[in-house]
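Side-chain atoms are counted along with the backbone in the values below, which use heavy atoms only and exclude waters and symmetry mates.
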Amino acid sequence: MNTEQLQKTLRASQYAEQVLGLHQTALEQDYAIDQFHHALTTNDIFKRVEQELKDIQDESQWMRTLRILRAKLMFRWIWQDANQLTNVITLTRELSDFADACICAAKQFALPPLLAKHGEPIGYDGQIQDLIVVGMGKLGAQELNLSSDIDLIFAFDEQGETNGRKSIDVQQFCILWGQKLIYLLDHITADGFVFRVDMRLRPWGDGSALAISHVALEKYLIQHGREWERYAWIKARIISGGKRGDHLLEMTRPFVFRRYVDYSAFEAMREMKAMIEREVARRNIADDIKLGAGGIREIEFIVQVFQLIYGGSKRELQDRQCLVSLHHLGQVGLLDSQAVIELEDAYLFLRRVEHAIQALNDQQTQMLPVEPDLRQRMIDTLGYDSWNAFLAVLNEKRARVSDQFKNLIQEEVASPAETETQLELRLDAVLDDSTKNLIHEFWHGNALKKLPSKAVQRLKDFWPHFIEAVLQSDKPQVALTRLMPLVESVMRRTVYLVMLMESRGAMQRLVKMATVSPWICEELTQYPVLLDEFLSMV
């Protein structure tokens, strides 16, 4: 082994020192192949996992072999990172490929004992069911870091039963299958672990069934899916499950990416942004390069907010990878070129720092070390003369991220220039008695009483903006009379009210068209989805 490069590797990582002490001969054999100079392709990694595990039937031996392989590959990756023989994008892709290969191998190894005991899982359609493994978070985006856990969701296509001597339903079979997969990868033995597995992103989180059917997942997303889950599912990727997995993922896309410009996401994203800001202020996480101000999370949040709001109408924004989507934001004009350059530069820098932190002891942390020796090891790896010199660069890059984050969806919907009472008085002066009665019946009718409280609140928020736009019309009486049925038809689907509040141009266009064409108002009332076109034209 190259002595200078070896010393840099051991300087960068106490964990690498331990691996070398345990597996020096095997590491020297690996080094002899390419001197750790070459990137590993996806095929290289899958073949390596397959070859190492070939013909192993004993569970303990299988687990030991995969853990040793993980240690050897981690040594290689730390070597490459410490000696700048790789880059962030290549390294995170290789780590993600290795996770994929391990998941597929564990899934395959876990199956035969289940088949022997319970038989094949047969859906009601007569087809053998597969365990669909969905990668979430950094794994889904193929952006794993050196010591990432892996976020997974288990699913299957259709309910049914197994056909063996001890029959169980398909869901229970897939739960047992998933539990074994987790154990094979996550269980800590004398040789360590392969990947920590986190299942908390599944519907209902901890305490819910470990595997869910396609139909149940679809129902959950429609009825109970929350904005943060839309945010999480942006990065979802099928790791194993074939065409049925692809169909399942395709089913989730309308939940994540609304086909119109999703102005309703502004409100939820403002709330999430405020939560992040409160968390940073409350917790002592200034030294956390992921969660602290100007950290990795803020860059990812900036990108994913734009994806949620515009991804349905701009398909190029639906990519899972942060940097790819960041570039697309620049190309479609949602971020200026300087912002794209600064955010990309900060992201790559922070991810390299993250790897330097995690290489030290193979720990899933993004906190800057406090021990002088560990700090010195880090700055030696990153190429800085002193800790203060490193901090100066780090703080400068985080400040730029913070500026972009603070500017993101900063402004609330502008309030009307007049108070609601003033608007009502002006409206009252231009309406005849029949239209006044129409408004009274609307606000006191049974339809409004049956609305959920949140929908009523959104309607009340919408009303002053609506009145203001009507009063700016040259025919307010006509506009209001024609648009009231439309308001009543969409008040349960409050997303349309939010869309109109967030887009003043669309509201004004809607009022103008109402004064020109009663037919258009009737069509919009019958088919509110046509309102999407107003926003896409703004």
Side-chain angles (χ1 to χ4, degrees), residues 8-20 22 27 36 40 45 67 69-99 102 135 137-151 185-186 188 191-198 285-292 294-300 322 346-384 387 390-391 393-394 397-398:
K8 282 187 178 179
T9 303
L10 301 182
R11 185 73 180 143
S13 175
Q14 293 176 322
Y15 168 72
E17 292 180 38
Q18 297 165 12
V19 174
L20 183 65
L22 292 169
L27 290 170
F36 297 156
L40 298 174
I45 292 169
R67 281 154 177 75
L69 175 59
R70 187 254 188 194
K72 291 188 294 186
L73 287 174
M74 283 288 287
F75 185 91
R76 174 192 182 93
W77 288 319
I78 292 169
W79 178 297
Q80 291 179 321
D81 188 56
N83 290 284
Q84 298 186 46
L85 299 174
T86 187
N87 56 58
V88 166
I89 295 172
T90 299
L91 177 55
T92 54
R93 191 269 306 162
E94 290 186 29
L95 285 158
S96 303
D97 284 344
F98 178 60
C102 292
K138 282 186 166 58
L139 174 60
Q142 296 178 294
E143 297 169 339
L144 281 189
N145 53 45
L146 273 176
S147 192
S148 282
D149 56 4
I150 53 176
D151 293 290
L185 299 181
D186 186 278
I188 298 175
D191 300 293
F193 61 93
V194 186
F195 286 100
R196 307 172 193 89
V197 180
D198 192 332
I285 53 175
D287 287 342
D288 191 314
I289 56 107
K290 176 184 178 181
L291 303 179
I296 296 168
R297 178 173 62 176
E298 291 187 2
I299 301 172
E300 293 174 334
C322 183
Y347 179 83
L348 292 172
F349 175 82
L350 290 168
R351 290 303 302 270
R352 179 125 202 271
V353 173
E354 179 182 47
H355 287 155
I357 294 171
Q358 295 179 348
L360 290 168
N361 287 299
D362 188 26
Q363 292 178 336
Q364 173 67 350
T365 178
Q366 287 86 13
M367 290 291 291
L368 295 172
V370 295
E371 300 89 340
D373 176 60
L374 296 183
R375 285 184 171 186
Q376 190 62 48
R377 283 172 174 264
M378 255 192 68
I379 62 172
D380 288 347
T381 298
L382 295 170
Y384 290 91
W387 185 253
F390 161 70
L391 283 183
V393 175
L394 172 66
K397 294 183 187 298
R398 293 203 297 187

* Measure across A82 and T381 and return the closest heavy-atom pair with its distance rounded to 0.1 Å. => CA-CG2, 4.1 Å
* Verify, without hydrogens or angle tests, whether Q80 (side chain) and T86 (backbone) share a donor-acceptor contact under 3.5 angstrom. => no
* Asked: CG of L73 to CH2 of W79: how many Å apart, nearest 0.5 Å?
  -> 15.0 Å
* To do: Measure the spacing between CD of E298 and CG of L291 and express it to the nearest 0.5 Å.
  => 9.5 Å
* Is any side-chain heavy atom of K72 closer than 4.5 Å to a side-chain heavy atom of L27? -> yes
* To do: Rounded to the nearest 0.5 Å, what's the gap from CZ on R11 to NZ on K8? Could you check?
  => 13.0 Å
* What is the ring orientation for F98 with F195, classed by angle as parallel under 30°, tilted 30 to 60°, or perpendicular over 60°? -> tilted
* Do H355 and T92 have side chains that get closer than 4.5 Å, going by heavy atoms? -> yes
* Asked: Any side-chain heavy atom of R352 sitting closer than 4.5 Å to one from Q84?
  -> yes
* Asked: Are M74 and V19 close enough, and set up right, to give a side-chain contact (heavy atoms from CB on, under 4.5 Å), and what steps lead you there?
  -> CA-CA 9 Å; M74 283 288 287; V19 174; 5.9 Å; no
* **Side-chain touch L146/L95, heavy atoms, less than 4.5 angstrom** => yes
* Identified side chain to side chain contact (heavy atoms under 4.5 Å, CB included) partner of L40 from the options T90, D97, I45 -> I45
* To do: Take Q14 and D373, measure what side-chain contact (heavy atoms from CB on, under 4.5 Å) needs, and give me the verdict at the end.
  => CA-CA 11 Å; Q14 293 176 322; D373 176 60; 4.2 Å; yes
* Grab the two heavy atoms, one from L185 and one from I150, that are nearest each other, plus how far apart they are. => CD1-CD1, 4.5 Å
* To do: Kindly indicate whether the side chain of V88, heavy atoms from C-beta on, has any atom under 4.5 Å from the side chain of E143.
  => no
* Asked: Is it true that a side-chain atom of N87 and a backbone atom of I89 form a donor plus acceptor pair closer than 3.5 Å?
  -> yes
* Heavy atoms, side chains only, cut-off 4.5 Å: are N145 and Q366 in contact? -> yes
* To do: Report the distance from atom CG of L374 to atom CD1 of I379, rounding to the nearest 0.5 Å.
  => 12.0 Å
* Does a side-chain N-to-carboxylate-O contact under 4.0 Å join R351 and E354? -> yes
* Do you know which two heavy atoms are closest between Q363 and S147, and how far apart they sit? -> C-OG, 3.4 Å
* Asked: Hey, does I299 have a side-chain heavy atom less than 4.5 Å from the side chain of C322?
  -> yes
* To do: Could you pull out the closest heavy-atom pair between K397 and A346, with the gap in Å?
  => O-CB, 4.1 Å
* To do: Calculate, to the nearest 0.5 Å, the distance between atoms OG1 and CG belonging to T9 and L85 respectively.
  => 8.5 Å
* **Exercise: identify the closest heavy-atom pair between D362 and R196** => O-NH2, 3.6 Å
* Asked: Within 45° of the six-membered ring axis of F193 and under 6.0 Å from that ring's centre, is NZ or CZ of R70 located there?
  -> yes
* Atom pair CZ (F75) and OH (Y15), whose distance is rounded to the nearest 0.5 Å -> 10.5 Å
* With a 4.5 Å heavy-atom cut-off, do L394 and L391 have their side chains touching? -> yes
* To do: Mind listing the closest non-hydrogen atom pair of P369 and L360 along with its distance?
  => CG-CD1, 4.3 Å
* To do: Decide side-chain contact (heavy atoms from CB on, under 4.5 Å) for L368 and R375; before the verdict, give the C-alpha distance in whole Å, the side-chain angles of both, and the deciding distance to 0.1 Å.
  => CA-CA 8 Å; L368 295 172; R375 285 184 171 186; 5.9 Å; no
* If you measure from the Lys or Arg side-chain nitrogens to the Asp or Glu carboxylate oxygens, is any gap between E300 and K290 under 4.0 Å? -> no
